[in-house]
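Encoded as structure tokens, the structure appears first; notes follow it.
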Amino acid sequence: MRLTKNLLALIVLVIGALWSLQGIGVVGGSFMTGQSQWLYIGLAAMLVGLAGLVWANRGHG
């Protein structure tokens, strides 16, 4: 179960990074390229992914 949580959190983190890069125009080829709102949406997704990683790896003490 822990591996599944980590994988899902990493996927969200990577997707958020991709959206952010598209939002600032680094990654092209999409309707999101150069659209600043995707930078913010991507940053929010990255925060959710990071929170998911913390949650998945928190101590069970």
Do you know the tightest heavy-atom contact between Ala9 and Gly52?
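Closest heavy-atom pair between Ala9 and Gly52: CB-C, 3.7 Å.
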Work out which heavy atom in Leu39 is nearest to a heavy atom in Ser20; give both atom names and the distance.
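Closest heavy-atom pair between Leu39 and Ser20: O-OG, 3.4 Å.
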Answer whether the closest heavy-atom distance between the side chains of Met46 and Ile15 falls below 4.5 Å.
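Heavy-atom side-chain distance check fails, nothing below 4.5 Å.
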Any non-hydrogen side-chain atom of Tyr40 less than 4.5 Å from a side-chain atom of Trp19?
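Counting from C-beta outward, Tyr40 and Trp19 never come under 4.5 Å.
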Within one Ile-Leu-Val-Met-Phe-Trp-Tyr cluster: [X] and [Y], side-chain cutoff 4.5 Å:
X: Leu13; Y: Val27; result: yes
X: Ile41; Y: Leu50; result: no
X: Leu43; Y: Val12; result: no
X: Ile11; Y: Leu18; result: no

Within this structure, what is the CG-CG distance for the pair Asn6 and Leu53, rounded to the nearest 0.5 Å?
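So the CG of Asn6 and the CG of Leu53 are separated by 5.5 Å.
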Quick one: CZ on Arg58 to CZ on Arg2, what's the gap to the nearest 0.5 Å?
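So the CZ of Arg58 and the CZ of Arg2 are separated by 10.5 Å.
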Tell me whether Thr33 contacts the main-chain N or O of Gln22 through its side chain, where contact means a donor paired with an acceptor under 3.5 Å.
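Such a contact is absent between Thr33 side chain and Gln22 backbone.
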